[in-house]
Structure formats: C-alpha cells, structure tokens
Amino acid sequence: MNTFYFDSNEIHDKTQLATLFEFHGSDKGSSQKGTNHPSGWPYHHYAPIYSLFLDSIRASVTRFLEVGIGTTSSNFPSSMGQNGTPGASLRGWRAYFPNAEIIGLDVDPDSLFTEERIQTYCVDQTEPESIADFFKANSENPFDVIVDDGLHREHAAEIFFKNSFQYLKPGGYYFIEDAGWLEPGQETFLNHISDPVSLFLPREMKSGLDYWDKLIVINKRGNF
Ligand SMILES: C[S@@+](CC[C@H](N)C(=O)[O-])C[C@H]1O[C@@H](n2cnc3c(N)ncnc32)[C@H](O)[C@@H]1O
C-alpha cells in the first residue's frame with residue numbers, strides 16, 4: 001500500500017468538485033479554507049484526491065455507485081446529523097459526471113429518493129445477501145467508480161468490498177472514505193488485494209475528527 005500525507009491546515013481546495021460538494025451540502029470537501037460543514041464538524045479533504053484520479057475520466061464515467069446516501073435520523077450509525085442534507089454527495093457527483101447514472105445505497109429506507117440520473121436502493125453493507133440482491137438486479141453493466149461512504153467500520157468496508165469489487169470495470173476506481181479504523185502499516189483485508197491500493201491521510205492528527213479524514217483508493221487493474 002502506498003501512503004500519502006497531506007497537511008489539513010494548508011490545503012486550500014480550488015477544485016470544481018469541492019465547490020460542487022459544498023454547494024450540494026456534502027462534507028467531502030469545501031473551497032473555503034478552515035470552515036465547518038453545517039453539521040458542525042470540519043469538512044473532509046477528499047475533493048482534491050478524487051479530482052486527481054477522476055478529472056481525466058470524468059466524461060467517460062457512465063455508471064457510478066456510492067454506499068451512504070445520507071440520513072438525518074439518529075437511529076442509524078454514521079448519520080449526517082440534524083443539519084445534514086441527505087442525497088448531497090449523489091447530487092454533487094451527478095453534476096461532476098455529466099454522462100453518468102448515479103446509484104446510491106443506504107440502510108435507512110427513508111433516505112431513498114429518485115431524481116434525474118439518480119436511483120437509490122435500500123442495502124445493508126454488512127449483509128452479503130442484501131448486497132447480492134442489489135447486484136442481482138443491477139449488474140447488467142459494470143460500474144466505473146464505487147465509493148464507500150457508509151458505516152465507516154472495518155468489517156463493513158471489507159464486506160462491501162468483497163461483495164462489490166467484481167462489479168467494478170477493469171481500470172475503475174474504488175474509494176473507501178473515513179477510514180479512521182486504518183493505521184498505516186496495519187494488517188487488514190487491504191493487504192490481500194492484488195490491485196494497487198493507496199491511503200491518503202493528514203500528516204498530523206490534530207483532533208479526533210482529523211482521525212477520520214482518511215481515504216483509501218483501489219485502482220482495479222486493467223484499462224479504463
Ligand atoms: C455520512 S452519511 C453519507 C453522506 C453522503 N455520502 C454525503 O457525502 O452527502 C453515511 C450514511 O451511511 C448509512 N449507513 C450506515 N450504516 C450502513 C449500512 N450498514 N449499510 C448501508 N448504509 C449504511 C447511514 O444511514 C448514512 O446515511
């Protein structure tokens with residue numbers, strides 16, 4: 001695994017993707033340095049990393065999948081909190097990928113919605129059968145990009161990866177956000193992946209929230 005460090009105090013994100021996330025209400029990135037998301041916690045620094053990998057294939061992406069639509073309900077772990085905007089990142093991704101069908105999955109049935117180029121389904125990422133049911137009905141074309149912004153626990157990341165990676169196109173990208181559970185050098189399921197894996201994280205952990213500002217990128221072998 002390659003590990004890359006960034007300085008969260010220094011990043012000033014001028015990517016278009018950061019502006020789109022911020023506009024639609026996702027905490028994945030912000031163009032305003034040092035501001036907090038409406039939920040009250042600092043923004044993540046994922047937009048420049050996503051841009052690094054995805055800007056060049058933006059127009060070619062036709063199938064995009066994200067686990068974690070977003071809920072404001074406190075009954076579900078990894079809730080966005082009362083001031084969150086469910087569906088925020090799906091709308092940001094839709095604006096970013098002009099030719100893509102955007103599919104979102106969440107364990108909270110009340111988070112589901114349908115809009116132009118956005119479809120959502122109720123799936124529990126910790127249940128292989130629930131994931132298999134989704135792919136049974138949605139595997140006619142492989143996905144170009146898969147993002148895991150769901151439960152943010154190692155077992156959940158592993159189960160979803162093992163049951164979805166086969167549906168990613170060769171050359172496609174698989175991202176796991178908020179990997180607070182992963183320490184550089186730690187033995188996890190990621191050590192057993194033969195495709196290139198990278199970890200992006202803050203150079204210095206300044207608060208408990210920084211700890212979650214970690215993004216894993218897996219680039220499936222093959223040509224996009
Ligand atoms: C941080 S929110 C997603 C935010 C959204 N992606 C955004 O950036 O706007 C995480 C979501 O994961 C969902 N979640 C929690 N556990 C899950 C599970 N086992 N399977 C699927 N989704 C889960 C929660 O219901 C919540 O809506």
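We count ligands from 1, going down the list as the structure has it; atoms in each ligand are counted the same way.
Remark: R58 is not positioned above the aromatic ring of F64, lacking an NZ or CZ atom under 6.0 angstrom from the ring centre and at most 45 degrees off the axis. Note that K220 lies outside the cation-pi zone of Y174, set by a 6.0 Å cut-off to the ring centre and a 45° limit from the axis.
Note: F160 and F135 have tilted aromatic rings, judged against thresholds of 30 and 60 degrees for the angle between ring planes.
Distance alone, capped at 3.5 Å, is enough to place a donor-acceptor pair between the D106 side chain and the G70 backbone. Of the possible polar contacts, none joining the E177 side chain to the L215 backbone as a donor-acceptor pair under 3.5 Å is found. A donor-acceptor pair is defined here as one N or O able to donate and one able to accept, closer than 3.5 Å; no such pair exists between the side chain of K169 and the backbone of F224. For the pair T15 (side chain) and A18 (backbone), a donor-acceptor distance under 3.5 Å is present. Within the 3.5 Å criterion, the main-chain N or O of Q16 finds no donor-acceptor partner in the side chain of Y96.
Counting only heavy atoms of the protein, atom 14 (N) of ligand 1 lies nearest to V107 CG1, 3.8 Å. Of all protein heavy atoms, the one closest to atom 20 (N) of ligand 1 is Q125 N, 2.9 Å. Protein heavy atom in closest approach to atom 21 (C) of ligand 1: V123 O, 3.3 Å. Atom 8 (O) of ligand 1 has S26 OG, 2.8 Å as its closest protein atom, hydrogens excluded (heavy atom only). In terms of protein heavy atoms, atom 27 (O) of ligand 1 is closest to D106 OD2, 2.6 Å. From the protein, the heavy atom lying nearest to atom 1 (C) of ligand 1 is S78 O, 3.4 Å. The protein heavy-atom contact nearest to atom 4 (C) of ligand 1 is D149 OD2, 3.4 Å. The protein non-hydrogen atom at the shortest distance from atom 9 (O) of ligand 1 is S89 N, 3.1 Å.
Heavy atoms from other residues, nucleotides or ligands lying under 6.0 Å from CD of E140 number more than 12. For E187, the CD atom is densely surrounded, since the number of other residues' heavy atoms within 6.0 Å is greater than 12.
In terms of polar-atom proximity, defined here as any N/O pair under 3.5 Å, V67 makes no such contact with ligand 1. Here's the thing with T71: one of its N/O atoms is less than 3.5 angstrom from an N/O atom of ligand 1. Of the polar atoms of G70, at least one N or O is found under 3.5 Å from an N or O of ligand 1, judged by distance alone.
Each of the atoms 18 (C), 19 (N), 20 (N) of ligand 1 lies under 4.0 Å from some heavy atom of D124. Below 4.0 Å from some heavy atom of G150 lie the following atoms of ligand 1, by number and element: 10 (C), 12 (O). Here is the list of ligand 1 atoms found below 4.0 Å of a heavy atom in F76: 25 (O).
The closest approach between P77 and ligand 1 falls below 4.0 Å for a heavy atom of the residue. The closest approach between L105 and ligand 1 stays at or above 4.0 Å for every heavy atom of the residue.
A ring-ring contact (aromatic ring centres under 6.0 Å, His included) with Y173 holds for exactly one of F53, F165, Y50; it is F53.
Distances from atom 3 (C) of ligand 1 to the heavy atoms of A88, G68, S73, S39 show the closest one on G68.
The backbone of I69, and not its side chain, has at least one atom closer than 4.0 Å to an atom of ligand 1 (non-hydrogen atoms only; backbone = N, CA, C, O).
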